[in-house]
Structures are given as C-alpha cells and as structure tokens.
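Here the structure is a predicted model, which is why all the values come from computation and not from measurement. These numbers come from the heavy atoms of this one structure, side chains and all, not from hydrogens, waters or symmetry mates. Every number for a ligand or one of its atoms is a count from 1 in the order of the listing.
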Amino acid sequence: MKPATKFIHAGVHPDPSTGAIMTPIYQTSTFVQEGPGKHKGYEYARTQNPTRTQLQDALAAAENGKYGISFGSGLAATDTLLKLFKPGDEIICTNDLYGGTYRLMKKIWEPFGLKFHFIDMSNADNITAALTPATKMIWLETPTNPLMRIIDISACAEIAGNANAMLAVDNTFASPFLQNPLDLGADVVMHSATKYIGGHSDVVHGCLITNNKEVADQLYFLQNACGAVPGPQDCFLLLRGLKTLHVRMQRHCENGEKIAHFLRQHPKVAKVHWCGFQDHPNHHIAKTQMKDFGGMMSFELKDDTVTAANKVLSSTHIFACAESLGGVESLIGHPASMTHASIPREERIANGLTDSLIRLSVGIEDAEDLIGDLNQALG
Ligand code: P1T
C-alpha cells in the first residue's frame, strides 16, 4: 500500500459487533469473561483495549513495522524503552535533542546506573569513537530538536549492528510520512504522536514500533506491568489524526519551504536552520532518507539578544507562542526558556543552542498570511 492508502486503512477494521467504520471508543476498564480465563482476548483495559489495539496496528503499519506499542505520552514511550537496560549499560545519544528526553535520561535514569554519552552525530564517525564494550543503544533524533541537524540513519544502523547495540530513532520531527527509520535499519522507532500524527494539538501520546518480536514482547510486558497506557478517547483521536497525516504533511512542507526562504532573505535574520537548504551541512542525507523537508525550523537574529528574540516571540498574531509542534496551527517558541530549559545552559550553548534561538512549527494556514505575520513581528 502507498502511504496515503495505508494511513487511512492499514491496521483498522470495521467494528465486528456493529460494522461501525470508525473504531469505537471502548470506554471500559474491564471485560466480562464467561468464566476465569474464558474471554475474547480482552481482560482488563491496562493490559488490552480494542481502541488501543487498532491504533497500535495502524501506527505499526504507518512505520512499515510489525509491532506498535502505545503510551500516555512520548516520554512514557522513551521511559519504557529505557527499562530494557540495566545498570552499567551505556547509551550514545544526539547532543541536540528534546529537553524532556535529556531530563529523563540525566535526572531519572542516570541515578539508576545507565550511562549516557551526548555527542554530535552529524558526522557518524563520532559515534564509533564513543562506543565502548558496554554500549547497548544508540538513540537519535533526525531532524534534531531544535537545530534541525540531520543524522544518517543507515550509517548509524551499520555502526549499531557491528557493535551489537540497538538503534532507536525518535522520528517525531519527520513523521512517518517523511521518513521510515525501520526501512533504513533502525531497530525501534519512537514517536511523540502528540505532534504530527495527532496533528490537531488535542492529545498527548507516544508510541514505539519495531519488527523485532523479542523486543516487542518485552515492551508489551512493560506496557502492562508499568501501566503508562493511553486512554481509549486519546487512541480514537490519534486514529482520526493519522488518516490525514499525508495531506497535512504536504502542506506543512510547502509552507515550511516558503517561510524558510522568506526568513533567509530577511535583513534582521542571521541564520535559518532548515534541512531543505542546499547548503545545510547534511542536506544530501536529508534528501536520501526523507521524502521532503518538513515544517520545523529555527532561526537566529542578527541582534543576538534575548530581548530581541522576546520581542519577535511576543509580536506574532497568527503564530502562537507555545510549546509543542506538528499541529495544523503555527507555533513559535523559545527553546532556551521553554522546551529545552532543562538542559544546563553551558551544555546547551556548547551544542549550538543559543539563548536567542527562535523555533517555528509551521502550520497549514495560508503561507502569505504566515509570512505577513512574521514580517510584521520582525519589523
Ligand atoms: O511531549 P511528549 O508527547 O511526552 O513527547 C516528548 C518528545 C519526544 N521527542 C521529541 C522530538 C519531542 O519534540 C517531544 C516533545 N516536544 C515538545 C513538547 C516540544 O515542543 O519540542
């Protein structure tokens, strides 16, 4: 199936009891059994729920994977994946990544004995240098949040395979429409489905997708044993969002391209981070592993001060100043004080995330209106 057909049909079936074409919201905590152990595959709603089952199947299909495992948030998904490891295990991560993921790793998991190395993976050779006999996983985002660095997934898969380590890719910024890491050799894909998959800023959700049955079984066990599961209403919203992912993504990409070019020629803008520019350091990799370049970008002003950035951030009328991304409406944010505030300042700056960086999640409104809004805010 091609993506457009897959996002609408794969993994979902009409409701067996009524024929309802849309998966019903099974708002129930338990399922009646004929007698102990005699049931229809559903016992208790933390363990299984029919709305969640269809969502998990649909998400797996969207990433060309066999097994989908859903959680109450993107961070709950990442947290569950980290539970596969034990004290002493080492994980190599991108140094430009969502601040909450960094916080989860450093503040929650490091005290339990996992060791994290945060490195620049724009050059995959840096990963080889960070490998040790204890390396158990390589964790990356591409494009990265918020500096839009591009990491070569196939090259990382080869390095991980040779080192007997797992490769996990946070595919949130690209979405399953633009990039499918499992096809490029990744072992696990993670999504904050709160973003493009949901697409309407009305649900928080996360998922893990894999083709490896052994890993999937461990993750299903942890999903039930630890219990960070999504409710059925949230699963319904995600199923609905997924059906229009391809149409929304096409417009996010079109608008993103127009806005990136507008910003780049603006006299007050010093630098635009967007992987669609031919002179982006890893544009050639983006071109091979992504279908298009997406609607996420960040930029720096020539007046490199927080005051100047704040002025822009508080002057837009259509772009809303808010955390999150990937919804139909455009958002503008200040990573240093918002989404990445949990990364220590020195580390953030050393990695290239300045105090004045502004991030955009370009929505699917009219591009001219969006450009007009940014133009007046910059003016
Ligand atoms: O918010 P949650 O659904 O728990 O997902 C966390 C997460 C994981 N990975 C990436 C790449 C993310 O961007 C996020 C969440 N990010 C934001 C809220 C943000 O504004 O960047």
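The nearest non-hydrogen atom to atom 9 (N) of ligand 1, considering only Thr172, Asp79, Asp170, comes from Asp170.
Protein heavy atom nearest atom 6 (C) of ligand 1, with residue, atom name and distance: Tyr98 CE2, 3.5 Å. In terms of protein heavy-atom proximity, atom 16 (N) of ligand 1 is closest to Lys195 NZ, 3.1 Å. Protein heavy atom in closest approach to atom 4 (O) of ligand 1: Leu75 N, 2.9 Å. From the protein, the heavy atom lying nearest to atom 5 (O) of ligand 1 is Ser192 OG, 3.0 Å.
Side-chain atoms of His9 do not come within 3.5 Å of backbone N or O of Phe7 as any donor-acceptor pair.
For Arg52 and Asp234, the salt-bridge test fails: no basic side-chain N is under 4.0 Å from an acidic carboxylate O.
Using cut-offs of 30° and 60° for the angle between ring planes, the Phe177 and His246 rings count as tilted. Taking the six-membered ring for Trp and thresholds of 30 and 60 degrees, His266 and Phe262 have ring planes more than 60 degrees apart, a perpendicular arrangement. Note on ring orientation: taking the six-membered ring where Trp is involved, the planes of Tyr102 and Phe118 are tilted (angle from 30° to 60°).
Both tests hold for Arg264 against Phe277: distance to the six-membered ring centre under 6.0 Å, angle to the ring axis within 45°.
Proximity of Glu141 to ligand 1, defined as any heavy-atom pair under 4.0 Å, is confined to the side chain (atoms from C-beta onward). Residue-level proximity to ligand 1 for Leu325 is carried by the side chain, the only part with a heavy atom below 4.0 angstrom. With a heavy-atom cut-off of 4.0 Å, Arg359 touches ligand 1 through its side chain alone.
Taking a cut-off of under 4.0 Å to the non-hydrogen atoms of Gly74, the atoms of ligand 1 that pass are 2 (P), 3 (O), 4 (O), 5 (O).
For residues 115-139, the salt bridge (Lys or Arg N to Asp or Glu O under 4.0 Å) pairs, not counting sequence neighbours, are Asp89-Lys136.
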